[in-house]
Amino acid sequence: PNVVKTHVMAELPFMATEVILMECVKAGGDRQELHEAIRVHSMAAGAVVKGEGKPNDLMERIAKDPLFAAVHAKLDTLIEPKLFVGRAPEQVDEFIAEEVGPILESNKALLEQASVDAVNV
C-alpha cells in the first residue's frame, strides 16, 4: 500500500491542476493566464522529477505563485486522492457482489473443506 501511495502522490499534483485552475477562475482569475502558469510550473516540475530524480514539487511552485493566491489556503484539500478515484469504490463493490459473490457461494462447500495439503520431508 505504501508503494502505491507514493506513486499516486507523485502524480497527483499533475492530476489536480484542472481542479486548481477552475477554483482560481471561480475566484476571478484569468483562465488563460492561469493555464499558462500551470503549464510552465508543470513542465518545470516534470523536468525536476524526470531529469534530476527529485520529488514532484509542483504544489510548492503553485503555493509560491501569487497567481494562485485564491487556492493557497486550500491546496491540501484540492489534492485529496479520494477526489480523483471516480466511481472506483462503487465499481469494486458491484464487482464483488455481482461476480465474486456468486462464485464464492457456488463453491461454498469447497471453501469449508479442511486443507489436507502437507509437505512430507
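Position 1 is the first residue of the sequence, and the numbers go up from there.
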(request) Report the C-alpha separation of Leu21 and Glu18 in whole Å, then their side-chain angles, then the decisive distance to 0.1 Å, and conclude whether the side-chain contact (heavy atoms from CB on, under 4.5 Å) test is met. (result) CA-CA 5 Å; Leu21 173 71; Glu18 185 69 20; 4.1 Å; yes
With a cut-off of 3.5 Å and sequence neighbours excluded, list every side-chain donor-acceptor pair involving residues 99-108.
residue: Ser106; atom: OG; partner: Pro102; partner atom: O; Å: 3.3
residue: Ser106; atom: OG; partner: Ile103; partner atom: O; Å: 3.0
residue: Asn107; atom: ND2; partner: Ile103; partner atom: O; Å: 2.8

(message) If hydrophobic clusters are built by linking Ile, Leu, Val, Met, Phe, Trp and Tyr wherever their side-chain heavy atoms come under 4.5 Å apart, do Phe84 and Val92 end up in the same one?
(response) no
Please set out all donor-acceptor pairs under 3.5 angstrom arising from side-chain atoms of residues 60-73, sequence neighbours excluded.
residue: Arg61; atom: NE; partner: Asp57; partner atom: OD1; Å: 2.9
residue: Arg61; atom: NE; partner: Asp57; partner atom: OD2; Å: 3.3
residue: Arg61; atom: NH2; partner: Asp57; partner atom: OD2; Å: 3.2
residue: Asp65; atom: OD1; partner: Leu67; partner atom: N; Å: 2.8
residue: Asp65; atom: OD2; partner: His41; partner atom: NE2; Å: 2.7
residue: His72; atom: NE2; partner: Ile62; partner atom: O; Å: 2.9
residue: His72; atom: NE2; partner: Ala63; partner atom: O; Å: 3.1
residue: His72; atom: NE2; partner: Asp65; partner atom: O; Å: 2.9
residue: His72; atom: NE2; partner: Phe68; partner atom: O; Å: 3.4

(message) Is there a side-chain contact between His35 and Ile38 in this structure, where contact means two heavy atoms from C-beta onward sitting under 4.5 Å apart?
(response) no
(request) Verify the cluster assignment for Met15 and Leu75: are they in a single hydrophobic cluster under the rule of side-chain heavy atoms below 4.5 Å apart? (result) yes
(message) On a heavy-atom basis, which atom in Ile20 and which in Met59 lie closest, and how many Å separate them?
(response) CD1-CE, 3.5 Å
(message) Please give me the minimum heavy-atom distance between Leu34 and Cys24, naming the atom from each residue.
(response) CD1-CB, 3.5 Å
(request) For Leu12 and Met9, run side-chain contact (heavy atoms from CB on, under 4.5 Å): C-alpha distance rounded to whole Å, both residues' side-chain angles, the deciding distance at 0.1 Å, then the answer. (result) CA-CA 5 Å; Leu12 192 59; Met9 295 310 289; 4.0 Å; yes
(request) List the atom of Asn56, the atom of Phe14, and the distance in Å for their closest heavy-atom pair. (result) ND2-CE1, 3.0 Å
(request) Using the rule that two of Ile, Leu, Val, Met, Phe, Trp, Tyr join whenever any of their side-chain heavy atoms come within less than 4.5 Å, decide whether Val85 and Leu83 are in one cluster. (result) no
(request) Flag yes if more than 12 heavy atoms outside Met43 fall under 6.0 Å of its CE atom; otherwise flag no. (result) no
